[in-house]
> 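Quick one: this structure, given as structure tokens, is what I'll be asking you about.
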Protein chains: 2
Amino acid sequence: MHIELLRRCQYFADLPDQTLAAAAAAAQLRRVPTGDFIFRQGESASHFYVLAEGHARLSQISPEGRQIIMGLIGPPIEIGIIAAIQGAVYPLDLQATQDCQALAWEHRTLIRLLESHPMLALRALRMVSGRFVELQDRYRELATERVERRLARALLRLVNQSGRPDGDDVTIALPLARQDLAELTGTTLYTVSRTLSAWESSGIIRSGRERVTLCDLPRLSEIAEG
Amino acid sequence: MHIELLRRCQYFADLPDQTLAAAAAAAQLRRVPTGDFIFRQGESASHFYVLAEGHARLSQISPEGRQIIMGLIGPPIEIGIIAAIQGAVYPLDLQATQDCQALAWEHRTLIRLLESHPMLALRALRMVSGRFVELQDRYRELATERVERRLARALLRLVNQSGRPDGDDVTIALPLARQDLAELTGTTLYTVSRTLSAWESSGIIRSGRERVTLCDLPRLSEIAEG
């Protein structure tokens, strides 16, 4: 039932049943097969989503056509609140990297919900502010910190968000190519490969095709903290 | 009168008189002398502000104590909407670089305003989303673009925000040291000095102590666009 799914999202957590029921009743279910786009950068921001199943990749294309990955997301997560804003466009691509299911609220439906449940509008503000603060931290890291440290932080963020225990280790349960890591940290494929190989030799990580397992979290945290 | 000031802010523009009057009546005026902080990074986010007079600098200190400038702002501008969020802390320092006056709304006053005027909550969401999208663009620039281009874009953003005509040229009406530009664009003082000197020789800019004048906007835009 949609209400239970919403309850597991930070955005909807601990809201009155009546608010959750109104939100759930107004949602539509959308299925997106692997490789398709949930939304595209520059398109009219028509819908707000809660990703219910499957993983997806947020990326941005520069005017010269260079792609940079802004995030890798897994369920349940709310995304696209910019659809609350009249006339906005999506600033990013969101592409399904697995078969996805998402709840969707169309712009006018969303505005009605936010107006009749001020708590939802305040939560939306909190969500965007939280992501803004995170992005400021990443911007500062990119401007001031060495690649090795940015890469360590990116892995810790991903494991925090999508880690799955694997014996004594933790695997990042997202398809994760080295090129993805290069784009996530604003560096080159060459530098990512060199750094991951060094960490693999030191027993800090294990990596396979599109897969990274963290074997020594304390040491990786030390690198992340400089 | 405060209502007139609010009307000139994007956040309050074109709102019904009744909403503006309620917002103005709930505001307190705060004076901040040059060099003092309007708020500090890590402090409880107690107030939302509209800067009414004077310029100020937004900056962030990394855990190692390295400063990075996130923005230079001039009046009238709204800042610190994170104060709407229960328990939040300011993610940045805001320091007066001139004597400043600001209207201030304390957390509880702000929440009451947002709840009784849903349009203000939606505007707050729009404001933060807009800044989020800008920051994403800057993040992408920092990750993918060469320093010269980032510097050209930073100057164009500043002139757009605080340009003052100066004969056929435009001066950035903010105190602007080369170190500020280095921190704004995530590069070194040396690189900024070298690039500005080259542009000065080519007649694209003139620069003095804490002052930059743009003499050839079309050429600077070409550099910014790559």
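Sequence lines set the chain letters: A, B, ... in the order given, protein chains first and strands last, and positions in each chain run from 1. A quick note: this is a predicted structure, and the numbers were derived from the prediction, not measured.
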> For the candidates R123(B), R131(B), Q86(B), which exhibits the highest count of non-hydrogen atom pairs separated by less than 4.5 Å from chain A?
R131(B)
> Which heavy atom of A26(B) sits nearest a heavy atom of L113(B), and at what distance?
CB-CD1, 4.4 Å
> Please report the closest heavy-atom contact between A177(A) and E210(A), naming both atoms and the distance.
CB-OE2, 3.8 Å
> Looking at E225(A), R126(A), E183(A), which one has more heavy-atom pairs under 4.5 Å with chain B than the rest?
R126(A)
> Side chain from CB out, backbone as N, CA, C, O: work out which of these in I69(B) comes under 4.5 Å of a heavy atom of chain A, or both, or neither.
neither
> Could R157(A) and E141(A) be called an ion pair, given the rule that one side-chain N must be under 4.0 Å from one carboxylate O?
yes
> Please identify, among R149(B), M127(B), E145(B), the residue contributing the most non-hydrogen atom pairs under 4.5 Å to chain A.
R149(B)
> Between Y139(A) and R138(B), is there a cation-pi geometry (under 6.0 Å to ring centre, at most 45° from the normal)?
yes
> Looking at the rings of F48(A) and Y11(A), which for Trp means the six-membered one, are their centres under 6.0 Å apart?
yes
> D93(A) side chain to S59(A) main-chain N or O, any donor-acceptor pair under 3.5 Å?
no
> Identify which part of I61(B) has an atom lying under 4.5 Å from any heavy atom of chain A, answering side chain, backbone, both or neither.
backbone
> Which residue out of I82(A), V133(A), I68(A), T144(A) racks up the most heavy-atom pairs below 4.5 Å with chain B?
T144(A)
> Under 4.5 Å heavy-atom distance to chain B, tell me which part of L142(A) shows up: side chain, backbone, both or neither.
both
> Side-chain contact, heavy-atom cut-off 4.5 Å: R140(B) with D137(B)?
yes
> Tell me which of these, S116(B), A88(B), S129(B), has more heavy-atom pairs under 4.5 Å with chain A than the rest.
S129(B)
> With chain B as the partner, which of T187(A), I81(A), L92(A), L114(A) has the greatest number of non-hydrogen pairs under 4.5 Å?
L92(A)
> For L125(A), is it the side chain, the backbone, both, or neither that has a heavy atom closer than 4.5 Å to a heavy atom of chain B?
both
